[in-house]
Structures are given as C-alpha cells and as structure tokens.
Amino acid sequence: MYNDIIKLPFQKSLSKLNINEIIDINFEFPKNPEHGDLSTNIAMQLAGKLKKQPRQIAQDIIDTIEPDKELIDKIDIAGGGFINIKFTKKFYSLALKNIYKFGDEFGKSKRENELKVNVEYVSVNPTGLLHLGHGRNACIGDTLANLYEWMGYKVTREYYFNNAGNQMNNLAKSIYARYRQQLDNPDYPFPENGYHGDYIKEIASELIIEQKENLILENEENLTSIRKYGEKWCFAKIKNTLERMSIHQDLYYNEDSLYSDGKINEVIDFFKKNKLAYEKDGALWLSLSKMGLEDDRVIVKSTGEPTYRLPDIAYHREKFLRGYDILIDIFGSDHIATVPDVLAGVKALGFNPDMVKVYIHQFVTLTENGEQIKMSKRTGKNYTLDDLLDEVGPDVVRFFLIMRGISTHLEFDLGLAREQSEKNPVFYLQYAHARLCSIFDNAELKGIKLSGKIDFNLLEHETEIRLIKQIMNFPGSIETACNKGEPQILADYLRELASAFHVFYHECRILDAEADLCSARLALAKVTQIAIKNGLTILGITAPARM
RNA sequence: GGUCCCGUAGCUCAGUUGGAUAGAGCACAGGUUUCCUAAACCUGGGGCCAUAGGUUCGAAUCCUAUCGGGAUCACCA
C-alpha cells in the first residue's frame, strides 16, 4: 500500500519539477521515532546528479507534492536533506482493516506466473547419522522452502545422495569389522579410514541377530549385502531424525541415475563437441579456464571414473531440464570450492547460472557453560542431532539453528537451549501466541464474539499503532528473508512482533474495554495471532495454545 | 601461499546495495501484579564497530594493507 499512497505522489512531484533522473525512490523506516514513520533520502541522492543542495531539492519536492491528507499527516525536511513522512492514525487503521481481510492467509503472496523452485538440502550420503551441521543445513533448507512457498512459488524439496562408491564400501568394511569383532574375533582389524561411530557397532549387533554367522566370509557378495543393510539402516535413521523436526522432502534423487540414464555421457559429449573438454595424461579435463576460472580441472579420471564435478554439473542440468526456474542449493562451508566449477559448467551448458542460488552456511559449535563440546570423529563420540532433539526438543533445535545469519559460525548454547524459562528466546515467541489464545478463550467464556462491523479507527493508542506498524511489516520480512536466503530475518522480526504485542497487552485492556473498542482490539489481537502463528509455521516451530 | 566466511557491549549476535544519536537478547542494578498467562512489562549502566591508511558532504558498511579465528584449495565427495 506504500506504493500508491507514498511513492506515486513523490513521482508526480519529481516530474512536475522536471527532474527526469531515473532513480528508484527508497523509503525506509527510521530508527528514531522523531524522524517520522517513513523517510527517504531521495534529495541527497539527487543532489550529486543535479548539482544542487539536498535541502533545496527536498524543499522543492515538499512544495509541489500533493499527498492524501487523510492518510499523511505531514512531510518535512530534517538533517542534511532527509524527507520525513508522518502518517495519520487513520492510515494505520485503514492498513489494519485491509490486513484483517486476509484472515489466516495473511503473509502469503500470490504470483501471476507460478515459478517452480527446487530446494536441495540435507543431501547426506547414507553412511552415518546426522550431526549438528547437517541439522543447520536441514533447518535452513526447509525454512527457505517454506519461505518460497509463502512467496507464491511452486516448491520441490529434494534430497540428493550417492549410495555407490568408496564411501559406501568403506561403510561396509567398517560394519564387517565390527561384525567380526563381536561375532568371533575381538582383534579383527578395523579399516584405517573406517567410520568409528558407535552406530557402526549397533548396526553390527543387529546384523548378527538377523544373519548370525552367514556373512562371515569376507567376499564381494557378503560385503554387498552388508553395504545394503548399512545403507538402509542409515537412511531409516536419517529420515527419522528429519521427521522429528517435521522435515519431509518430496524427492530423493540418487546420483546413480545420472549414470544409468546416460546423463553423464550427454554432458561429456556436449563439452567435447564444444571443445570445452580435452584429454590429457589419460584423463578428461574441463576447460574451466575458457569459462573465466583459473585452472582446468579433471572431470574423468584416468581410471575412467568421473570426479565429483561431473555429476554435480550433470545434476544441475538435470534439474533445469525437469523444468525448474530456480535452483536452490544449501551447502556447508566445506563445499565452497565446488561452487564456481559447477556454476561455470551450468553456464557452459546454456543455462542461466543466476538462476542457481547457492547458500553456504558456516559450521556449528556446541557449547555448554562457555566451553566447547568436542564432536570428535576419531573417538566416535559424535554428538548427534538425535541426541540434541532428545535433550531440548524440535522447536528449540529448529529455532536455534536458524536464529543466526547463515554466514556466521553458529554457537549452539546447550545450557540456554535446555533452559525452560524466559531466557530461552523461542519461548518468548511461543508465549506471545499462548497468551493470545488465552485471550480468545476468555472472550468465548464471556460470550464476546469477533464479528460484525469493526471500527478500526478506534485504535489509536501508541502501543496499538506500534503493533499495527509491526504487523504491516510481516509480508515484507518474509520477502526479505526469502530473497536474502536468511531465515534469521524472519526470526528477528517475530521477536519484535511478539515484543510489540506484549507491550500492547500490558498497556491496553482488551476484553474489559467498551464494546466497540473491545471488538477493534480483539481484531488487532486476531491479526497478531495469525502473524505469529504463520511466522512460527514458516520456521517449522509449533505455536502452542497453552504454556 | 591462493580463495571464501567471520572479527561490533562482559557473552551470543543484528546492522554491511554508504545516511540522522551504532541496536537486540542474555548477564548485571533497580522497579511494576486487587486487572485478559509475570515465560510479561518499565528504567539504568555498558562501545577506539580488530588495526592502519584511503575514497567523500557523510564509512561499522566501499577500497588497500596488516593482525586474529574458521573453512577450502586432488585424477577424495
């Protein structure tokens, strides 16, 4: 609504002044309330181009602008040339009235052309259990997928994995060693780079119960069936862990199908045909230097096996061919080096690399009482995501894993997460929702119904206005969080919304107010409740009715 | 050594397409309940925005260098 009410008068004013510079008029919400409700630095931006004093330009604009007096209280100049706008109370009541019509759908955007988005996340090979880093990846990916859905995109959630290759053989050998150690030979040697986690022992004991000594010979056939057993076991665990956090993915794409369907060869042929790949030292090299990167890289080893780059490129091509308009990748920082290669490959294949959005998150450290809890692989004492879910529950895990910007190292404070009190930030949001639910419970007991005509103009208390302002920003915060790939933005927004609500609740009686005012405040509470609930839903966190 | 991320209050972090007096939560000190959930609200102290230069009307934000922490740099994935 800002566009029609604010931007248009400004544009008209500029054209009246014969200022034809092509410039986007930026509005922002001033931090300092003395600077009005909305401000723009347009005069300062124009100053350089027009070679005039910013304050003079601002004055000219104000002299010619014709705002809607019902909605805009005043427009004035401040500082070096800021133009500050103050809305009338009616502006806010009108805004709330419009929002109220959305009902439960508040925050959801509709798009005319429904673009298809593929969000790929988690994507852990079935060789082990999920740890905290995977959890961060999963929560970022899932929240981002939710954000895209709320923005009106058609979203597919995808999991990419590879159940072939060295890692899986390694898993099989590790399980086999534990199997023998438990079955008949405690000194059976463990593979040098094997998986040391305790879960391998668990798999082995289950294998013994199921297969007895049937697999005792170390031959190809037995290792294959052990590998399959291990894969199935790990995948079941992974899916179960994700399930506990309400993460459900639509598609599990196996790297193997890129080979079996000939997609790898299609890509190789394309590169060869277009002179973007060449043979050297018995290997096939991709001419990344022709694509703007430093060094060429091997895509098919001299042994005939592809390196990871080739399937990664083929996989992105495959997703584009499936008809997605936008591809989202969520990677941990350890995958950072592969990104330029893949994007260059995608571009060479004729796809727009700008439509591939790669979000890279940094690592997670677990701390307690200021000390870091080691998650060493060598000792095998991995603190898994399941352990964390057992301790603090899915709501806290999901919130903690997205409450920081994705490019910073995330310190997961176990002590704080365990805290079942006001110190724990997730409860602050949930409490606001529970409080709201309780208001509506009480309203029902008193026979107060939210229906009929609501006079939104009655809402003019300072805390009511502040709350309405905050509510108005809900769709914007979803959009920003989505565009920037930063779920944290929504989490921060919700904390501010909850805060605005708590203050309003503290200052204004709702159910005891005179009937018309009661209705208006109840309507405000309703919209707040919807925004908090929808926001929490996007973050994958429950909105309890009672606490 | 090259590349990427980070360095902001005691702690954990926002703010980084350049804008007004640098923010929040926690911690610390104090206050608020005959009243819809006090898991709430209010007040207060707390800063050389890692360091040094530069760009300009204006820099936490952009550029250069340096220091510190992390990641990554294979015919491993």
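Reckoned from all heavy atoms, side chains included, excluding hydrogens, waters and symmetry mates. Treat the numbers as computed from the prediction; the structure is a model and nothing was measured.
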Colleague: Give none if B:G58 has no partner; otherwise give the nucleotide forming a Watson-Crick or G-U wobble pair with it, both distances under 3.5 Å.
Modeller: none
Colleague: Say you pick atom P in B:C26 and the same atom in B:U43; how far apart are they, in whole Å?
Modeller: 14 Å
Colleague: How do A:Ile439 and A:Trp285 order along RNA chain B: which one's closest nucleotide is nearer the 5' end?
Modeller: A:Ile439
Colleague: With a 4.5 Å cut-off on side-chain heavy atoms, are A:Gln249 and A:Glu158 touching?
Modeller: no
Colleague: Does a side-chain heavy-atom distance below 4.5 Å link A:Val358 with A:Val356?
Modeller: yes
Colleague: What I'd like to find out is whether the side chain of A:Ile328 reaches to under 4.5 Å of the side chain of A:Leu144, using heavy atoms alone.
Modeller: yes
Colleague: I'd like to know if A:Thr408 reaches the base of B:C6 with its side chain, counting only an N/O donor and acceptor under 3.5 Å.
Modeller: no
Colleague: Separation of A:Leu343 atom CG from B:C4 atom P, in whole Å?
Modeller: 15 Å
Colleague: Between B:C75, B:A39, B:C41, which one does the side chain of A:Val503 approach most closely?
Modeller: B:C41
Colleague: Regarding A:His461 and A:Arg466, do their side chains bring together a donor and an acceptor under 3.5 Å, going by distance alone?
Modeller: no
Colleague: What is the ring orientation for A:Tyr199 with A:Trp233, classed by angle as parallel under 30°, tilted 30 to 60°, or perpendicular over 60°?
Modeller: parallel
Colleague: If we ignore hydrogens and angles and just use 3.5 Å, is the side chain of A:Arg521 paired with the main-chain N or O of A:Glu464 as donor and acceptor?
Modeller: no
Colleague: Quote, to the nearest angstrom, the P distance that separates B:U3 from B:G23.
Modeller: 36 Å
Colleague: Which part of the nucleic acid, if any, lies within reach of A:Gly282 when heavy atoms closer than 4.0 Å are counted: base, sugar-phosphate only, or nothing?
Modeller: nothing
Colleague: Looking only at atom C1', what distance separates B:G69 and B:C75, rounded to whole Å?
Modeller: 33 Å
Colleague: Counting only side-chain heavy atoms from C-beta out, which of B:U12, B:C5, B:C36 sits nearest to A:Ile510?
Modeller: B:C36
Colleague: Choose from B:A14, B:C41, B:C76 the nucleotide whose nearest atom is closest to any side-chain atom of A:Gln488.
Modeller: B:A14
Colleague: Just to be sure I understand the rule, does A:Glu419 reach a base, reach only the sugar-phosphate, or reach nothing, if contact means heavy atoms closer than 4.0 Å?
Modeller: nothing
Colleague: Using a 4.0 Å heavy-atom cut-off, write out nucleotides 16-24 of chain B from 5' to 3' as B (base contacted by protein), S (sugar-phosphate only) or - (no contact).
Modeller: ---BBB--S
Colleague: Between A:Val300 and A:Phe504, who's closer to the 5' end of RNA chain B by nearest nucleotide?
Modeller: A:Phe504
Colleague: Is any side-chain N of the basic residue among A:Asp441 and A:Arg546 closer than 4.0 Å to the acidic one's carboxylate O?
Modeller: yes
Colleague: Evaluate side chain to side chain donor-acceptor pair (under 3.5 Å) for A:Glu391 paired with A:Tyr383, printing each intermediate quantity in order.
Modeller: CA-CA 11 Å; A:Glu391 284 215 49; A:Tyr383 195 89; 2.6 Å; yes
Colleague: Check every atom of B:A77, B:A14, B:A38 against the side chain of A:Arg435 and return the nucleotide holding the closest atom.
Modeller: B:A38
Colleague: Can you identify which nucleotide, out of B:C35, B:C13, B:A40, has its nearest atom closest to the A:Arg509 side chain?
Modeller: B:C35
Colleague: Quiz question: by atom type and distance under 3.5 Å, do the side chains of A:Gln167 and A:Asn125 form a donor-acceptor pair?
Modeller: no
Colleague: Would you say B:C6 has OP1 or OP2 under 4.0 Å from some side-chain N or O of A:Ser407?
Modeller: yes
Colleague: When the C1' atoms of B:C28 and B:U64 are considered, how many whole Å apart are they?
Modeller: 41 Å
Colleague: Quick check for you: among B:C26, B:A39, B:C35, whose closest atom lies nearest to any side-chain atom of A:Asp512?
Modeller: B:C35
Colleague: Could you identify which residues of residues 513-527 of chain A place a heavy atom less than 4.0 Å from some atom of RNA chain B, listed by residue number, or say none?
Modeller: none
Colleague: Given B:A27, is OP1 or OP2 found less than 4.0 Å from the side-chain N or O atoms of A:Lys423?
Modeller: yes
Colleague: Looking at A:Tyr493 and A:Gln470, would you say the former's side chain and the latter's main chain have a donor-acceptor pair under 3.5 Å?
Modeller: yes
Colleague: Taking only side-chain N and O atoms of A:Tyr428, does any of them lie within less than 4.0 angstrom of OP1 or OP2 on B:C41?
Modeller: yes
Colleague: Can you name the atoms? Protein N/O to nucleotides 72-74 of chain B N/O, anything below 3.5 Å, with the distance.
Modeller:
| unit_1 | atom_1 | unit_2 | atom_2 | d |
| --- | --- | --- | --- | --- |
| B:A74 | O5' | A:Arg297 | NH1 | 3.4 |

Colleague: If I pick the C1' atom on B:A39 and the same atom on B:G25, what distance separates them, to the nearest angstrom?
Modeller: 15 Å
Colleague: Please give, in whole Å, the distance from B:C36 C1' to A:Asn442 CG?
Modeller: 5 Å
Colleague: Return yes if some donor-acceptor pair links the side-chain N/O of A:Thr40 with the main-chain N/O of A:Phe27 below 3.5 Å, else return no.
Modeller: no
